[in-house]
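Have a look at the structure below, then the notes.
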2 protein chains.
Amino acid sequence: MLRVSKITDHGIVILSNLASEPDGSTQSAREIAAEARLPLPVVSKTLKRLARAGILESHRGAKGGYALARSPAEITLADAITALEGPIGLMECSVHLGQCSHESTCTIRGPWQRVNDEIRASLERITISELLPTPGGDGELIPLRVASGDRRR
Amino acid sequence: MLRVSKITDHGIVILSNLASEPDGSTQSAREIAAEARLPLPVVSKTLKRLARAGILESHRGAKGGYALARSPAEITLADAITALEGPIGLMECSVHLGQCSHESTCTIRGPWQRVNDEIRASLERITISELLPTPGGDGELIPLRVASGDRRR
DNA sequence: TATTTACAGTACCGTACGGGTCCGATATCC
DNA sequence: GGATATCGGACCCGTACGGTACTGTAAATA
């Protein structure tokens with residue numbers, strides 16, 4: 001169903017929460033998990049990936065934690081998705097060339113690439129700052145999907 | 001990585017192959033599998049889903065098989081994806097409302113919905129007829145992903 | 001009407017990813 | 001410098017999906 005993975009929406013929620021904190025403030029994984037109302041291990045894993053990708057800055061030791069590495073307006077949904085689930089590509093050949101033995105005669109790849117580019121553009125157009133509640137509002141951000149009962153269709 | 005499922009790219013390849021046949025011609029699952037160079041069981045399952053969704057017409061018994069239910073120009077990528085993997089929705093709440101207990105205070109859903117709509121529009125814009133090889137050309141369509149060695153990252 | 005062909009549905013199995021735990025590394029504070 | 005807090009990485013487990021096999025049903029032909 002062309003869905004982003006769960007870790008991605010967790011990540012988006014976390015980024016939004018961090019973005020609503022005062023500039024440059026650092027929060028521990030525990031605090032972030034509490035705010036997002038998600039299990040600590042899940043949040044922890046998500047934070048690690050975001051830090052590895054350079055979207056978050058991590059500080060170890062006591063009083064350590066995570067903070068946004070740059071302004072929310074400079075973090076796009078595409079950045080977050082790429083960090084959390086790898087390069088955006090609808091099909092294998094959109095990302096890794098040479099996997100398909102018939103690329104030379106394949107007539108599908110071109111049109112797919114077009115779709116892929118449009119999707120990436122859509123995701124690059126939206127930044128974390130656009131996900132924030134209205135300044136002064138107290139709307140807290142909660143994961144979009146429930147943890148269980150993930151029935152489909 | 002925001003990827004369509006394997007069954008979807010199989011399906012797209014199959015639809016393209018069928019579309020390059022003379023209008024209304026019927027092919028058996030076995031023939032279709034041979035042309036796409038895919039295992040028969042996989043092709044069979046894919047064909048069943050496409051038929052259930054009304055994209056293909058099926059005919060049972062001897063001389064039976066599958067044929068496009070309408071012109072290739074009237075079958076979009078969105079149709080195929082929806083038939084094969086369910087409604088297009090990047091997140092659970094894009095498809096099923098009421099799954100998330102905090103929808104009322106969620107500020108993320110709006111922007112996500114926008115992205116979702118743009119992606120759907122991209123997928124609705126491209127039809128199977130645009131995937132065909134140039135008329136008279138002999139480029140045969142082969143699945144875009146290899147069956148094995150599906151390594152990632 | 002018997003036989004053959006081919007689709008329809010159900011059930012099964014293996015793998016890969018999401019989710020979780022544990023231990024090591026590192027920075028702060030006393 | 002020792003104790004504590006926190007991140008980083010490796011490993012483990014359960015579930016869900018892709019892939020497969022089997023049985024049932026319908027149509028064509030002789």
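All chains are named by letter (A, B, ...) in the order of the sequence lines, taking the proteins before the strands, and each is independently numbered beginning at 1.
- B:Ala69 and B:Gly54 make their closest contact through CB-O, 3.3 Å (heavy atoms, listed as atom of the first residue, atom of the second, distance).
- When the P atom of D:dT6 is taken as reference, atom CD of A:Glu31 falls 8 Å away, rounded to whole Å.
- What separates OH of B:Tyr66 from C1' of C:dT5 is a distance of 13 Å, to the nearest Å.
- If you check the side chains of A:Thr8 and A:Glu85, you find a donor sitting under 3.5 Å from an acceptor.
- For B:Ser28, whose side chain is taken as the heavy atoms from C-beta onward, the closest listed nucleotide among C:dA6, D:dC7, C:dG18 is C:dA6.
- Computed from coordinates, the A:Lys6 NZ to D:dA16 C1' distance equals 11 Å when rounded to whole Å.
- With DNA chain D read from its 5' end, the first of the two nearest nucleotides for A:Ala51 and A:Ala62 is the one closest to A:Ala62.
- In this entry the distance linking CD of B:Gln27 with P of C:dA6 reads 12 Å, nearest Å.
- Comparing C:dG20, D:dA28, C:dG18 by their closest approach to the side chain of A:Pro39 singles out C:dG20.
- The base of C:dG19 sits with one of its N or O atoms less than 3.5 Å from a complementary donor or acceptor on the side chain of A:Lys45.
- When rounded to the nearest whole Å, the span between CZ of A:Arg49 and P of D:dG9 equals 12 Å.
- Following rounding to the nearest Å, B:Leu47 (CG) and C:dA6 (P) show an atom-to-atom distance of 14 Å.
- Look at CG on B:Leu40: it is 16 Å from C1' on D:dG18, rounded to the nearest Å.
- Comparing D:dG19, C:dT28, C:dC7 against the side chain of B:His10 picks out D:dG19 as the nearest.
- With rounding to whole Å, B:Lys48 atom NZ is found 10 Å from C:dT10 atom P.
- Closest to the side chain of B:Lys63, out of C:dG18, D:dT29, D:dG8, is D:dT29.
- With B:Leu47 as the fixed residue, the side-chain contact (heavy atoms from CB on, under 4.5 Å) test singles out one of B:Ile55, B:Ile14, B:Val42: B:Ile14.
- Listed candidates were C:dC7, D:dC7, C:dG18. Nearest to the side chain of B:Ser58 is C:dC7.
- Using a cut-off of 4.0 Å between Lys/Arg side-chain N and Asp/Glu carboxylate O, A:Asp117 and A:Arg120 are scored as salt-bridged.
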Next on the checklist: Between B:Ser20 and B:Asn17, is the side chain to side chain donor-acceptor pair (under 3.5 Å) condition met? List the steps.
Outcome noted: CA-CA 5 Å; B:Ser20 65; B:Asn17 282 338; 4.9 Å; no

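- For D:dG9, one of the phosphate oxygens OP1 or OP2 lies less than 4.0 angstrom from a side-chain nitrogen or oxygen of A:Arg52.
- Of the listed nucleotides (D:dT25, C:dG24, D:dA21), D:dT25 has the atom at the smallest distance from the side chain of B:Arg60.
- Considering only the side chain of B:Ser5, D:dG18 comes nearest among D:dG18, D:dT20, D:dA28.
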